[in-house]
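Taking it in order: structure first as structure tokens, then the write-up.
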Amino acid sequence: MKPKILVTGGTGYIGSHTVVELQNSGYEVVIVDNLSNSSADVVDNIEKVSGIRPAFEMVDCLDFNGMNVVFDKHPGIKAIIHFAASKAVGESVEKPLLYYRNNLVSLINVLELMPIHKVEGIVFSSSCTVYGQPDELPVTENAPIKKAESPYGNTKQINEEIVRDTVASGAPISAILLRYFNPIGAHPTALLGELPNGVPQNLIPYLTQTAIGIREQLSVFGDDYDTPDGSCIRDFINVVDLAKAHVIAIDRILENKQNETVEVFNIGTGTGLSVLELIKGFEEATGVKLNYKIVGRRAGDIEKVWANPDLANNVLGWKAVETIEDTLRSAWNWQLKLRERGIQ
Ligand code: NAD
Ligand code: WQD
């Protein structure tokens, strides 16, 4: 058995897939989650997929003492993957303080506790949102950080700075910031996936909910952008591919390849796909016809962004391998499974 890894937000969408991949690689996992955006039965489903039940602590990362107890109860945690955060862009505009408190204080607590418990490194969930609309595409890690479009986006920028300043201060910590592009899809077993809270704001959950009849029609926000078909372009990254990037990042931290520095990696496919191409891809991959219409632009949307993933490919040795067809089919199978389970 490899070392013990703490995964905050481990019952969430990306966290649950990552826990399975860590377990598949031989790591022992402790999950901390306050279940604010996930449910406890995810732990059962992780066990069904990997055959191993992870330790689960229902603790809020805002609770410093509660987190301290987790480290005492599970001695020997060597590294942390910090997923726990609030992530709804629209909600962050309405409730900025909730977002600043949750996303900043949670990280600060974790960083303060790391040296106390001799935790060597942290992998942090950042986002391509830090680039805003990049001046050059595909975007590299050296592209300038643009003013955030939302309090949520701002928390990711500040989080990155908090990590950098902490490591620069001499804290005995290595850090890897992974900037995810647009994670989509679900586990091929359809036992893990994204559980949107209320009306989905993101494209894929809205799309699959429309395809299954929960929503009447998908609105495509704009067809007058400066792109070949006029709709926005994104880099859609399969969630299992994304999860595997975390395992490699943890391997790297524990192999001491970084020596208490901060590294940043884009985690994307390197290919941009438009919203209309994605819809067509979904229809072809699943055979399901989608009811959609073009409407006006959504405020704050980035016109086009996709990753240059060379650094992750070459330095981490990570590469996205899943096809978009399989990824879209996995999202659909997850939606079908949710109906079977009577959830949505
Ligand atoms: P998610 O909401 O499914 O998972 C986050 C988990 O953290 C949830 O289970 C939630 O209950 C938990 N959580 C939130 N606040 C907590 C707290 N204070 N204490 C303990 N647990 C807490 O979201 P996700 O899509 O899996 O995202 C994971 C991370 O990746 C987040 O940091 C998010 O900002 C980041 N990210 C997500 C995307 C995306 O499109 N999904 C893109 C870029 C970055
Ligand atoms: C994708 C495209 C929409 C819904 C957001 C966050 C970002 C990151 C990922 C965490 C856009 C279009 C969407 C719909 C549509 N999260 N769309 N109809 O905006 O790229 O990024 O999630 O860090 O920070 O901002 O993702 O899935 O919302 O939208 O036409 O009903 O789909 O306009 O072009 P986005 P998304």
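Whatever order the structure lists ligands and atoms in, that order sets their numbers, starting from 1.
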Notebook entry, point to check: Closest non-hydrogen protein atom to atom 17 (C) of ligand 1, residue and atom name please, with distance?
Noted result: Asn34 ND2, 3.3 Å
Checklist line | Protein contact of atom 19 (N) of ligand 1 - nearest heavy atom, named by residue and atom, plus distance | finding: Cys61 N, 2.9 Å
Next item on the list: Check each atom of ligand 1 against the heavy atoms of Leu35 and keep those under 4.0 Å away; list them by number with element.
Entry: 11 (O)
Notebook entry, point to check: So which protein heavy atom does atom 31 (C) of ligand 1 come closest to, and at what separation?
Noted result: Phe83 O, 3.1 Å
Margin query: Side chain, backbone, both or neither: which applies to Ser36 and ligand 1 if a contact is any heavy-atom pair less than 4.0 Å apart?
Written below: both
Checklist line | Contact atoms of ligand 2, heavy-atom distance to Cys232 under 4.0 Å | finding: 34 (O)
Checklist line | For atom 14 (C) of ligand 2, the protein heavy atom that lies nearest, with its residue and separation | finding: Phe221 CE1, 3.3 Å
Margin query: Counting non-hydrogen protein atoms only, what is the nearest one to atom 5 (C) of ligand 2? Give residue, atom name and distance.
Written below: Asn202 ND2, 3.7 Å
Item checked: Asn103 versus Tyr152, side-chain donor and acceptor atoms under 3.5 Å -> no
Note to self: Counting non-hydrogen protein atoms only, what is the nearest one to atom 2 (O) of ligand 1? Give residue, atom name and distance.
What the structure shows: Asn37 ND2, 2.7 Å
Notebook entry, point to check: Among all protein non-hydrogen atoms, which one is nearest to atom 2 (C) of ligand 2, and what is the separation to 0.1 Å?
Noted result: Val275 CG2, 3.8 Å
Next item on the list: Could you tell me whether Asn102 approaches ligand 1 through its side chain, its backbone, both or neither, with non-hydrogen atoms closer than 4.0 Å?
Entry: side chain
Checklist line | For atom 25 (O) of ligand 1, closest protein heavy-atom neighbour | finding: Lys87 NZ, 2.8 Å
Item checked: Under-4.0 Å heavy-atom contact with ligand 1, by part of Ser126 that carries it -> backbone
Note to self: Taking 4.0 angstrom as the limit and counting only heavy atoms of Ser219, give me the atoms of ligand 2 inside it, by number and element.
What the structure shows: 14 (C), 15 (C), 18 (N), 30 (O), 31 (O)
Checklist line | ligand 2 atoms in contact with Val220 (distance to a heavy atom under 4.0 Å) | finding: 30 (O)
Check: Is there a donor in the side chain of Ser39 and an acceptor in the side chain of Asp41, or the other way round, less than 3.5 Å apart?
Finding: yes
Checklist line | Residue pair Tyr99 / Glu91, side-chain donor-acceptor N/O under 3.5 Å | finding: yes
Next item on the list: Before giving the answer on ring-ring contact (aromatic ring centres under 6.0 Å, His included), spell out for Tyr180 and His246 the whole-Å C-alpha distance, their side-chain angles and the decisive distance to 0.1 Å.
Entry: CA-CA 11 Å; Tyr180 316 154; His246 294 78; 5.3 Å; yes
Margin query: Whether the side chain of Asp241 engages the backbone of Glu322 through a donor-acceptor N/O pair (distance < 3.5 Å, no angle test) should be reported.
Written below: yes
Checklist line | Side chains of Asp235 and Thr269, donor plus acceptor under 3.5 Å | finding: yes
Check: Going by the order shown, which atoms of ligand 2 are within less than 4.0 Å of some heavy atom of Gln201?
Finding: 4 (C), 28 (O)
Note to self: As a quick check of understanding, evaluate side chain to side chain donor-acceptor pair (under 3.5 Å) for Tyr13 and Asn37, giving each step before the final call.
What the structure shows: CA-CA 9 Å; Tyr13 172 45; Asn37 198 35; over 6 Å; no
Notebook entry, point to check: Does even one non-hydrogen atom of Gly153 get within less than 4.0 Å of ligand 2?
Noted result: no
Check: So, does Lys87 sit close enough to ligand 2 that a heavy atom of it is under 4.0 Å from the ligand?
Finding: no
Note to self: With heavy-atom distances below 4.0 Å as the criterion, list the atoms of ligand 2 near Val89.
What the structure shows: 6 (C), 25 (O)
Checklist line | Atoms in ligand 1 flagged as close to Ser127, the criterion being non-hydrogen separation under 4.0 Å | finding: 43 (C), 44 (C)
Note to self: So for ligand 2, is Phe236 a polar contact partner (N or O within less than 3.5 Å, distance only)?
What the structure shows: no
Checklist line | Identity and distance of the protein heavy atom lying nearest atom 27 (O) of ligand 2 | finding: Leu203 N, 2.8 Å
Check: Would you say Pro183 touches ligand 1, if touching means a heavy atom closer than 4.0 Å?
Finding: yes
Margin query: Side chain, backbone, both or neither: which applies to Val59 and ligand 1 if a contact is any heavy-atom pair less than 4.0 Å apart?
Written below: backbone
Next item on the list: Quick one: look up the protein heavy atom nearest atom 9 (C) of ligand 2 and list residue, atom name and how far away it is.
Entry: Asn182 ND2, 4.2 Å
Next item on the list: Could you find the nearest protein heavy atom to atom 35 (C) of ligand 1 and give me its residue, atom name and distance?
Entry: Ser125 CB, 3.8 Å
Check: What atoms of ligand 2 come within less than 4.0 Å of a heavy atom belonging to Ser127?
Finding: 10 (C), 23 (O), 24 (O)
Next item on the list: For atom 19 (O) of ligand 2, find the nearest protein heavy atom and state the residue, atom name and distance (0.1 Å precision).
Entry: Arg298 NH2, 2.9 Å
Note to self: Using every non-hydrogen atom in the two residues, find where Arg179 and Glu141 come nearest and quote the distance to one decimal.
What the structure shows: NH1-O, 3.4 Å
Item checked: Subset of ligand 2 atoms that lie under 4.0 Å from at least one heavy atom of Thr129 -> 24 (O)
Checklist line | Taking atom 10 (C) of ligand 1 as the reference point, the nearest protein heavy atom with its distance | finding: Asp33 OD1, 3.4 Å
Notebook entry, point to check: What's the shortest distance from atom 27 (O) of ligand 1 to any protein heavy atom, and which residue and atom give it?
Noted result: Ile14 CD1, 3.8 Å
Note to self: If I take atom CZ from residue Phe83 and atom CG from residue Leu178, how far apart are they, to the nearest 0.5 angstrom?
What the structure shows: 8.5 Å
Next item on the list: Please verify whether a non-hydrogen atom of Thr8 lies at under 4.0 Å from ligand 1.
Entry: no
Notebook entry, point to check: Does at least one non-hydrogen atom of Tyr152 fall below 4.0 angstrom from an atom of ligand 2?
Noted result: yes
Margin query: Return the closest protein heavy atom for atom 11 (C) of ligand 2 as residue, atom name and distance.
Written below: Arg234 NH2, 3.6 Å
Note to self: Test of understanding: given a 4.0 Å heavy-atom threshold, classify the contact between Lys156 and ligand 1 as side chain, backbone, both, or neither.
What the structure shows: side chain
Checklist line | Numbering as shown, the atoms of ligand 1 that approach Ser106 to under 4.0 Å (heavy-atom distance) | finding: 18 (N)
